[in-house]
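Just passing along the structure, written as structure tokens.
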There are 2 protein chains.
Amino acid sequence: MGATKTEHFTEQQNSIATIAKALGHPARIAILEYLLKVDSCICGDIVNELPLAQPTISQHLKELKTCGLIKGTIEGTAICYCIDEKVLDNFQKHFSAISATLTNKKCC
Amino acid sequence: MGATKTEHFTEQQNSIATIAKALGHPARIAILEYLLKVDSCICGDIVNELPLAQPTISQHLKELKTCGLIKGTIEGTAICYCIDEKVLDNFQKHFSAISATLTNKKCC
DNA sequence: TTTATATATTGCAATATTACGATAGATAAA
DNA sequence: TTTATCTATCGTAATATTGCAATATATAAA
């Protein structure tokens with residue numbers, strides 16, 4: 001026990017949950033907000049911006065990268081991290097659709 | 001270490017992360033989808049619907065309830081669980097706004 | 001009151017996450 | 001080549017999550 005039973009759920013359910021999970025940490029929300037705020041997006045800036053040690057931030061960036069929310073391109077010594085529109089857009093649309101369905105239903 | 005350093009982030013960042021975290025498990029996505037699908041929403045049904053034991057589902061329901069994504073009203077022996085529109089709507093709008101900002105920006 | 005049914009709680013084992021110091025790797029500048 | 005800088009990885013401690021059996025609680029029906 002202890003591990004999520006992903007095999008019992010649909011691919012879509014797992015996929016949405018994976019993105020949500022990646023967004024489920026304030027540091028990673030802060031990273032996304034920072035990437036959104038600045039035009040240039042170098043990791044060194046993020047380390048200065050956030051109250052966490054460099055390895056911790058590197059780890060958070062990796063998680064955002066693994067699930068496809070951001071992508072990084074090597075740019076000299078630094079790495080340019082950017083939000084991947086498609087993944088975030090897909091995620092957003094999923095819940096947008098749910099919200100739309102909700103306004104049409106009344107239960108309790 | 002091991003605990004999230006919530007005190008270092010803004011209330012908004014923590015709030016969004018909390019909702020995302022609650023959505024970060026396929027069982028909880030499945031529960032929301034089920035609550036959305038059926039009009040009547042009694043927990044017993046969910047136990048039959050999902051491939052998890054009753055205590056596990058009860059636990060997942062509690063998490064969704066704690067962060068405000070669902071609300072439950074006692075209805076005789078059963079409990080009527082429903083999605084809380086406001087919380088999900090707010091969450092959805094947050095990422096909708098980010099998506100909108102993204103389409104106007106080009107970085108890498 | 002007894003029995004049945006629905007849900008919650010407790011306790012615990014297995015696993016995952018978070019955070020960071022130390023260190024490694026890779027590129028740029030001197 | 002040496003040095004500085006940026007980022008990743010390793011190792012590890014602290015904590016959180018997941019899942020379930022056993023059990024408790026609470027209401028309804030008999």
Side-chain angles (χ1 to χ4, degrees), chain A residues 1-9 13-14 17-31 34-35 40-67 70-82 108, chain B residues 1-9 13-14 17-31 34-35 40-67 70-82 108:
Chain A
M1 288 131 231
T4 296
K5 296 194 158 180
T6 45
E7 71 275 13
H8 290 325
F9 301 98
Q13 286 166 343
N14 282 313
T18 299
I19 304 293
K21 195 174 181 182
L23 293 168
H25 194 289
R28 295 195 287 268
I29 295 291
I31 288 172
Y34 185 68
L35 287 180
S40 70
C41 41
I42 288 135
C43 179
D45 292 347
I46 300 174
V47 173
N48 295 330
E49 192 78 6
L50 297 188
L52 293 170
Q54 181 268 322
T56 307
I57 290 170
S58 189
Q59 199 174 281
H60 283 307
L61 285 167
K62 194 182 180 182
E63 260 169 277
L64 289 170
K65 207 169 149 190
T66 299
C67 78
I70 64 172
K71 48 192 170 180
T73 0
I74 296 166
E75 203 134 302
T77 320
I79 290 183
C80 180
Y81 275 116
C82 291
C108 305
Chain B
M1 287 128 233
T4 296
K5 297 193 158 180
T6 44
E7 71 274 14
H8 290 325
F9 301 97
Q13 285 166 343
N14 281 313
T18 299
I19 304 293
K21 196 175 181 180
L23 293 168
H25 194 288
R28 295 194 288 266
I29 294 291
I31 288 172
Y34 186 68
L35 286 181
S40 71
C41 41
I42 290 137
C43 178
D45 293 346
I46 300 174
V47 173
N48 296 329
E49 191 79 6
L50 296 187
L52 293 169
Q54 181 268 322
T56 308
I57 290 170
S58 188
Q59 197 175 282
H60 282 307
L61 284 167
K62 193 181 181 184
E63 260 168 278
L64 288 171
K65 207 168 149 191
T66 300
C67 78
I70 65 173
K71 48 191 170 181
T73 1
I74 296 166
E75 202 134 304
T77 320
I79 290 184
C80 180
Y81 275 117
C82 290
C108 305

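No experiment lies behind these values; they were computed from the predicted model shown. Labels below follow one simple rule: chain letters A, B, ... track the order of the sequence lines, proteins then strands, and each chain is numbered from 1. Values reported hereafter were calculated over all heavy atoms of this structure, with side chains retained and with hydrogens, waters and symmetry mates removed.
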Nearest-angstrom distance from the residue atom CG of Leu64(A) to P of dT17(C): 13 Å
With the side chain counted from C-beta on, respond yes when Tyr81(B) and Asp45(B) share a heavy-atom pair under 4.5 Å apart, and no when they do not.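 Tyr81(B) does not reach Asp45(B) side chain to side chain.
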Identify, residue by residue, the members of residues 46-59 of chain A with a heavy atom below 4.0 Å from DNA chain D, and return them in order of residue number, or none. Gln54(A), Pro55(A), Ser58(A)
How many whole angstroms separate atom NE2 of His8(A) from atom P of dG19(D)?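 Going from NE2 in His8(A) over to P in dG19(D) covers 9 Å.
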Base, sugar-phosphate, or nothing for Lys21(B), non-hydrogen atoms under 4.0 angstrom?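 Sugar-phosphate, no base atom in range.
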Taking all heavy atoms of Gly72(B) and all of Lys65(B), pick out the closest pair and write down the distance. N-CE, 4.4 Å
Phosphate OP1/OP2 of dA8(D) contacted by Tyr81(A) side-chain N/O (<4.0 Å):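 For Tyr81(A), the contact criterion (side-chain N or O under 4.0 Å from OP1 or OP2 of dA8(D)) is met.
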I want to confirm an ordering. Mapping Thr4(A) and Lys65(A) to their closest nucleotides on DNA chain D, which one lands closer to the 5' end? Lys65(A)
Calculate the interatomic distance between Glu7(A) atom CD and dG19(D) atom C1'; express it in whole Å.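 About 12 Å, once rounded to whole Å.
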Rounded to the nearest 0.5 Å, what separation is found between the OG atom of Ser58(B) and the CG atom of Leu52(B)? 12.0 Å
Nearest heavy atoms of Asn14(B) and Thr18(B), plus distance in Å: O-OG1, 2.7 Å
Rounded off to whole Å, could you give me the NZ-to-C1' distance for the Lys62(B) and dT18(D) pair? 14 Å
Can you tell me how far P of dT18(D) sits from NE2 of His60(B), to the nearest Å? 6 Å
Rounded distance (nearest 0.5 Å) linking atom CG of Leu50(B) with atom CD1 of Ile31(B):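 That separation rounds to 5.5 Å.
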Please tabulate, for the side chains in residues 21-30 of chain A, all donor-acceptor contacts under 3.5 angstrom to protein atoms that are two or more places apart in sequence or on a different chain.
{"unit_1": "His25(A)", "atom_1": "ND1", "unit_2": "Ala27(A)", "atom_2": "N", "d": "3.0"}
{"unit_1": "His25(A)", "atom_1": "NE2", "unit_2": "Thr4(B)", "atom_2": "OG1", "d": "3.3"}
{"unit_1": "Arg28(A)", "atom_1": "NE", "unit_2": "Ala22(A)", "atom_2": "O", "d": "2.6"}
{"unit_1": "Arg28(A)", "atom_1": "NH1", "unit_2": "His60(A)", "atom_2": "ND1", "d": "2.9"}
{"unit_1": "Arg28(A)", "atom_1": "NH1", "unit_2": "Glu63(A)", "atom_2": "OE1", "d": "3.4"}
{"unit_1": "Arg28(A)", "atom_1": "NH1", "unit_2": "Glu63(A)", "atom_2": "OE2", "d": "3.3"}
{"unit_1": "Arg28(A)", "atom_1": "NH2", "unit_2": "Lys21(A)", "atom_2": "O", "d": "3.4"}

Separation of dA26(D) atom P from Ile74(B) atom CD1, nearest Å, is 10 Å
Once you round to the nearest 0.5 Å, how far does CD1 of Ile70(B) lie from CG of Leu35(B)?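 CG of Leu35(B) is found 6.0 Å from CD1 of Ile70(B).
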Which sits closer to the 5' end of DNA chain D, Gly76(B) or Phe9(A), going by the nucleotide each is nearest to? Phe9(A)
In whole Å, I'd like the distance from the CG atom of Asp45(B) to the C1' atom of dA6(C). 11 Å
Can a donor-acceptor pair be found, under 3.5 Å and without considering hydrogens, that links the side chain of Thr66(A) to the backbone of Lys62(A)? yes
Between C1' of dT9(D) and CG of Leu61(A), the distance in whole Å: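 Interatomic distance, CG of Leu61(A) to C1' of dT9(D): 14 Å.
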Can you name the atoms? Protein N/O to nucleotides 3-6 of chain D N/O, anything below 3.5 Å, with the distance.
none

